There are 2 protein chains.
Amino acid sequence: MPKKVDHQERRALIIDALMRVAASGGLEAVSLRHVATEAGVTAGMVQHYFATKDEMMRFALEGIVERTSARIDAAMAAAPSPMTPAATVRTLLTTLLPLDEPRRADGRVAVSFLAYAAVEPAAAGLLREGTQQMIAFMADQVRAVRADIDAEAAGAGLIGLMEGLSLYVLNGHLAGDAAIRALDTHLRLVFSSEA
Amino acid sequence: MPKKVDHQERRALIIDALMRVAASGGLEAVSLRHVATEAGVTAGMVQHYFATKDEMMRFALEGIVERTSARIDAAMAAAPSPMTPAATVRTLLTTLLPLDEPRRADGRVAVSFLAYAAVEPAAAGLLREGTQQMIAFMADQVRAVRADIDAEAAGAGLIGLMEGLSLYVLNGHLAGDAAIRALDTHLRLVFSSEA
DNA sequence: CCGGTGTCAATACAGTCGTAATGTGAAAAC
DNA sequence: GTTTTCACATTACGACTGTATTGACACCGG
């Protein structure tokens with residue numbers, strides 16, 4: 001066997017470049033040559049590690065969900081251990097809002113993939129599982145504090161709200177603190193008023 | 001002067017074809033030739049009515065906001081005249097959810113433009129005004145019934161929620177009736193419980 | 001009736017796209 | 001030391017893109 005290279009590392013390098021390209025120019029700006037240039041490598045090398053563009057896109061999508069799940073884990077780990085459901089939900093949702101530049105960059109890419117998924121059902125499948133888990137988790141948190149409302153519906157509402165607010169922040173329709181205010185107002189209605 | 005043609009009508013014909021193309025293949029499938037084929041005309045004719053592709057896209061975006069605002073007007077006109085704020089908000093938000101195929105088609109196109117706007121600030125400007133108006137209107141409705149919560153934040157939350165739920169419905173993460181349940185659960189929290 | 005003008009059609013052009021094929025060099029295996 | 005095999009680089013190809021250009025045809029004012 002000849003030279004040994006860490007495939008995973010090379011792929012990560014390329015996918016990172018893809019993210020930067022997509023964050024600044026949208027998914028339509030993503031081409032083998034653009035990504036290669038951004039990564040500082042030749043187009044041939046990109047082709048060597050991803051046989052097809054679709055494969056590269058699939059890896060990028062997986063990278064996004066993996067990145068956000070890592071963000072969630074980090075936020076939960078950094079928070080004080082015993083937490084009320086309300087605080088747990090707030091921590092989770094605020095870490096998912098695009099409130100600083102790195103998260104905004106990821107957010108822009110995620111939106112592009114969302115639009116892509118609205119048209120390409122195959123991509124939607126990869127996102128579905130994560131969303132379902134989040135909804136179920138939120139529903140559990142709601143169920144823990146009130147029995148007078150549909151917990152499943154409230155859970156879907158919580159992360160749906162986060163998603164919508166994220167969109168508005170990304171498009172500049174809403175400032176970051178306005179999004180947080182909207183989120184807190186909703187959280188207060190769900191968690192701090194009893195039946 | 002030679003033959004007289006209704007420019008507006010021709011443009012509408014082309015934009016309609018563009019919508020169909022974008023609804024089924026995303027914004028990246030929109031090309032002069034594709035749109036022309038879908039409209040059943042030659043590419044030269046499309047070029048005759050839209051000097052550039054950007055101009056065509058601008059018209060398409062305007063067409064989308066115009067179409068949704070028409071939907072709103074129709075829904076409000078069809079509803080019984082004296083309405084409680086809660087009913088008004090519910091009517092408005094449910095007509096904006098992509099619950100049937102025509103609205104889903106429009107929704108898919110809208111999502112594409114949303115992703116486009118996240119990268120192209122010029123397009124975001126066209127959407128901003130409509131969103132701001134909706135938020136303000138929602139805030140007014142909230143203010144009319146409760147004084148104990150931040151009405152502006154609650155308004156942003158209402159239409160943010162609708163947007164997020166729309167996204168999930170379009171991507172198949174949520175069924176239409178589940179989205180309505182989530183919406184109603186939220187509405188009940190905002191409107192039916194007093195301070 | 002007749003130039004002129006708006007409406008459309010056809011084609012050319014330069015660029016980019018994804019993919020395939022081929023070539024080069026170096027490191028590991030034997 | 002030879003040979004194999006992986007890691008890249010380069011180039012070629014056909015398809016497609018947006019735009020510019022040119023031309024035919026029909027209509028209408030004079």
Side-chain angles (χ1 to χ4, degrees), chain A residues 1-61 109 112-113 115-116 119-120 122-123, chain B residues 1-61 109 112-113 115-116 119-120 122-123:
Chain A
M1 273 196 238
K3 200 163 30 167
K4 81 163 190 180
V5 199
D6 189 340
H7 276 228
Q8 200 123 8
E9 178 202 317
R10 288 274 199 256
R11 285 208 233 242
L13 179 88
I14 295 171
I15 294 296
D16 270 17
L18 187 154
M19 300 275 204
R20 287 197 299 275
V21 171
S24 83
L27 228 57
E28 70 185 7
V30 173
S31 75
L32 298 192
R33 291 163 178 88
H34 268 155
V35 171
T37 303
E38 174 71 31
V41 302
T42 65
M45 175 167 159
V46 173
Q47 201 173 186
H48 183 67
Y49 286 101
F50 298 102
T52 181
K53 190 193 176 181
D54 281 333
E55 188 185 331
M56 187 171 71
M57 296 299 251
R58 225 188 47 232
F59 266 76
L61 184 48
V109 181
S112 294
F113 272 108
Y116 182 67
V119 145
E120 188 79 25
Chain B
M1 274 197 245
K3 198 166 27 169
K4 84 166 187 176
V5 197
D6 189 340
H7 277 227
Q8 201 123 6
E9 177 203 318
R10 288 277 201 252
R11 285 208 232 242
L13 179 88
I14 294 171
I15 294 296
D16 270 16
L18 188 154
M19 300 276 204
R20 287 196 299 273
V21 171
S24 82
L27 227 59
E28 70 186 7
V30 173
S31 75
L32 297 191
R33 290 164 178 86
H34 268 154
V35 171
T37 304
E38 173 71 31
V41 302
T42 65
M45 176 168 159
V46 174
Q47 202 173 186
H48 182 69
Y49 286 101
F50 299 101
T52 180
K53 190 192 176 181
D54 281 331
E55 188 186 330
M56 187 171 69
M57 297 299 250
R58 226 188 47 233
F59 266 76
L61 184 48
V109 181
S112 295
F113 272 109
Y116 183 67
V119 145
E120 188 79 26

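Model, not experiment: these values are computed from the prediction. Below, chain A is the first sequence line, B the second, and so on; all start at residue 1.
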Rounded distance (Å) that lies between atom [atom2] of [N] and atom [atom1] of [X]:
X	N	atom1	atom2	result
B:Met45	D:dT21	CE	C1'	20 Å
A:Asp6	C:dA27	CG	P	18 Å
A:Phe50	D:dC8	CZ	P	13 Å

*Give the minimum heavy-atom separation between B:Ala36 and B:Val46, together with the two atoms involved.*
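In terms of heavy atoms, the two residues are closest at CB-CG2, 3.7 Å.
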*What is the minimum heavy-atom distance between B:Ala60 and B:Ile15, and which atoms define it?*
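Here B:Ala60 and B:Ile15 meet closest at N-CD1, 3.8 Å.
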*A:Glu55 backbone acceptor or donor facing A:Thr52 side chain under 3.5 Å*: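 Side chain of A:Thr52 to backbone of A:Glu55: no pair is present.
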For nucleotides 15-20 of chain C, tabulate all protein N/O to nucleotide N/O atom pairs closer than 3.5 Å, reporting atom names and distance.
residue : atom : partner : partner atom : Å
C:dC17  : OP1  : A:Ser31 : OG           : 2.9
C:dG18  : OP1  : A:Lys53 : NZ           : 2.9
C:dG18  : OP2  : A:Leu32 : N            : 3.0
C:dG18  : N7   : A:Arg33 : NH1          : 2.8
C:dG18  : O6   : A:Arg33 : NH2          : 2.9
C:dT19  : OP1  : A:Thr52 : OG1          : 2.8
C:dT19  : OP2  : A:Thr52 : OG1          : 3.3
C:dT19  : OP2  : A:Lys53 : N            : 2.8
C:dA20  : N7   : A:Gln47 : OE1          : 2.8
C:dA20  : N6   : A:Gln47 : NE2          : 3.2

*Do A:Lys53 and A:Met56 touch side chain to side chain, with heavy atoms closer than 4.5 Å?*
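A side-chain contact under 4.5 Å exists here.
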*Is there side-chain contact between B:Phe50 and B:Met57, with heavy atoms separated by less than 4.5 Å?*
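No - every pair of side-chain heavy atoms lies 4.5 Å or more apart.
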*B:His7 has a side chain; which of D:dA7, C:dT7, D:dA9 sits nearest to it?*
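So the nucleotide nearest the side chain must be C:dT7.
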*Please test A:Arg10 against A:Val5 for side-chain contact (heavy atoms from CB on, under 4.5 Å), starting from the C-alpha separation and ending with a verdict.*
CA-CA 8 Å; A:Arg10 288 274 199 256; A:Val5 199; 3.5 Å; yes
*Counting only side-chain N and O atoms of B:His48, is one of them less than 4.0 Å from OP1 or OP2 of C:dC8?*
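The answer is no; no side-chain N or O of B:His48 sits under 4.0 Å from OP1 or OP2.
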*Look at B:Arg10 and C:dT7 and indicate whether a side-chain polar atom (N or O) is within less than 4.0 Å of OP1 or OP2.*
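No, outside the criterion.
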